[in-house]
Protein chains: 2
Amino acid sequence: MPCQKRCGSQWWHGKVKDCGYRITAGREAIIDTLAATHDHLSAEDVYSRIHARFPNVGLTTIYRTLDMLAQAGLVSRFDFGDGKSRYELTQGPKGEHHHHHLVCTECKRVIDYTDFIDDELELLRRTEKGLSQKYNFRIDNHMIQFYGVCKDCLRDQP
Amino acid sequence: MPCQKRCGSQWWHGKVKDCGYRITAGREAIIDTLAATHDHLSAEDVYSRIHARFPNVGLTTIYRTLDMLAQAGLVSRFDFGDGKSRYELTQGPKGEHHHHHLVCTECKRVIDYTDFIDDELELLRRTEKGLSQKYNFRIDNHMIQFYGVCKDCLRDQP
DNA sequence: TCCTTAATGGAAACAGTTTCCAATAATAAC
DNA sequence: GTTATTATTGGAAACTGTTTCCATTAAGGA
Ligand SMILES: [Mn+2]
Ligand SMILES: [Mn+2]
Ligand SMILES: [Zn+2]
Ligand SMILES: [Zn+2]
């Protein structure tokens, strides 16, 4: 399918082109889908949300593209313990705030939180500096997740 | 196989029994294997390390047991991005220190670190308290990982 | 020792992801 | 605009880590 409709979401074109990648209708659709939600979508999730409007974007392309976007840093990949990779935009079109996750080990629900994020980031910065010096390790990224039982699951089981 | 040889590692028997589980030769072998290393073993890794001495412990049992031990909190499961779950003892026989991880996204090597761990744990405690109150979420556990490029991979590629 | 029932191994099924390749479309060169 | 180059593509099939199934075995309490 020719790339006719560029739904106006061009904020990410630069980054993708800089990495030597081309702009295609499929990539457009995938990024739009991720930008339209705060959910943590699996590849299948993305596929089914796109498929109605773009029946000719295959699941393989979704996997390839998510991989490539993660490589480029535009998308973050997570494992919340339900057997599939889950993805979200690293940074939305409006530069939303970086956040961490609260994962319910019962129902697998995930809560984004930004509370205490300033303290956390401040500590992380210090830690990163120390670690990268001590281990000669270039740190690009970090992940913090808390695991436990969510409000609803707590109620359901004493 | 009858459970004849209890290589002296009984420190974990209590916890397993308390959860209503039985002590078996397979479980013995699996915990011994995890206790004998600081590596982050996959199920296959455990299997191949055990198989020479216990040819009659099947891979299925390894999966089941690791799962059960993770449930019981004796073992921690990690995803370092190489497509398989990796396991380590949450706490060794001598009560070793809790630690976090530095993951190389190039070669997938993992470094355990305990530097700054006190500051980290102190912040985590505060954060956990705040989060559990705000979201009515019982927090059991946390995970911190830093991602980047290790010393060796940095040298290999400008 | 016997009995109940959890635990087991191996084969087969499963599910998420990757590979393969011929066809197509995005960009660069003109 | 046209053409040439080369990345990207969809779909089928392969792959791989993990789970399920079920008949057999053995742990632990009586
Ligand atoms: Mn999130
Ligand atoms: Mn470790
Ligand atoms: Zn829950
Ligand atoms: Zn490395």
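Protein chains get the first letters and strands the later ones, always in sequence-line order, with residue 1 at the start of each.
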Kindly list each side-chain donor-acceptor pair under 3.5 angstrom involving residues 59-67 of chain A, sequence neighbours excluded, with atom names and distances?
from, atom 1, to, atom 2, distance (Å)
A:Thr65, OG1, A:Thr61, O, 2.7
A:Asp67, OD1, A:Arg77, NH2, 2.6

Check: Is there a path of hydrophobic side-chain contacts, each under 4.5 Å between heavy atoms of I, L, V, M, F, W or Y residues, that connects B:Tyr147 with A:Leu124?
Finding: no
Check: Taking a hydrophobic cluster as the set of Ile, Leu, Val, Met, Phe, Trp and Tyr residues connected by side-chain heavy atoms closer than 4.5 Å, whether directly or through intermediates, do A:Ile30 and A:Ile23 fall within one such cluster?
Finding: yes
Next item on the list: Kindly express the pairing pattern of DNA chain D in dot-bracket notation, using | wherever a base pairs with another strand and counting only Watson-Crick or G-U pairs under 3.5 Å.
Entry: ||||||||||||||||||||||||||||||
Next item on the list: Name all residues meeting the salt bridge (charged side-chain N to carboxylate O under 4.0 Å, His left out) criterion together with B:Lys17; count only those two or more places apart in sequence or in a different chain, and write none if there are none.
Entry: none
Next item on the list: Under the salt bridge (charged side-chain N to carboxylate O under 4.0 Å, His left out) rule, collect the residues that match up with B:Asp45, sequence neighbours excluded.
Entry: B:Arg86
Check: Quick one: do the B:His101 and B:Gln145 side chains pair a donor with an acceptor below 3.5 Å?
Finding: no
Next item on the list: State, without any angle test, whether B:Glu120 and B:His142 hold a side-chain donor-acceptor pair at a distance under 3.5 Å.
Entry: no
Next item on the list: If a protein heavy atom is under 4.0 Å from the base, mark B; if only from the sugar-phosphate, S; if neither, -; do that for nucleotides 3-10 of chain D going 5' to 3'.
Entry: ---BBSBB
Check the distance between [N]'s [atom2] and [X]'s [atom1] and give it to me in whole angstrom.
X       : N      : atom1 : atom2 : value
B:Lys17 : C:dA6  : NZ    : P     : 17 Å
B:Tyr47 : C:dT8  : OH    : C1'   : 13 Å
A:Asp18 : C:dT27 : CG    : C1'   : 15 Å
A:Asp67 : C:dG16 : CG    : P     : 17 Å
B:Glu28 : D:dG28 : CD    : C1'   : 15 Å
A:Leu41 : C:dG16 : CG    : P     : 15 Å
B:Tyr63 : C:dC14 : OH    : P     : 18 Å

Check: Is A:Lys84 paired with A:Asp82 through a side-chain N to carboxylate O contact shorter than 4.0 Å?
Finding: no
Check: Of all of residues 76-89 of chain A, which get a heavy atom below 4.0 angstrom from DNA chain C, listed by number?
Finding: A:Gly83, A:Lys84, A:Ser85
Checklist line | Test of ring centre spacing under 6.0 Å for A:His98 and A:His100 | finding: yes
Check: When the aromatic ring centroids of B:His40 and B:Phe80 are compared, is their separation below 6.0 Å?
Finding: yes
Note to self: salt bridge (charged side-chain N to carboxylate O under 4.0 Å, His left out) for B:Asp39 and B:Arg49? Distances and angles first, verdict last.
What the structure shows: CA-CA 12 Å; B:Asp39 288 357; B:Arg49 291 192 187 200; 3.4 Å; yes
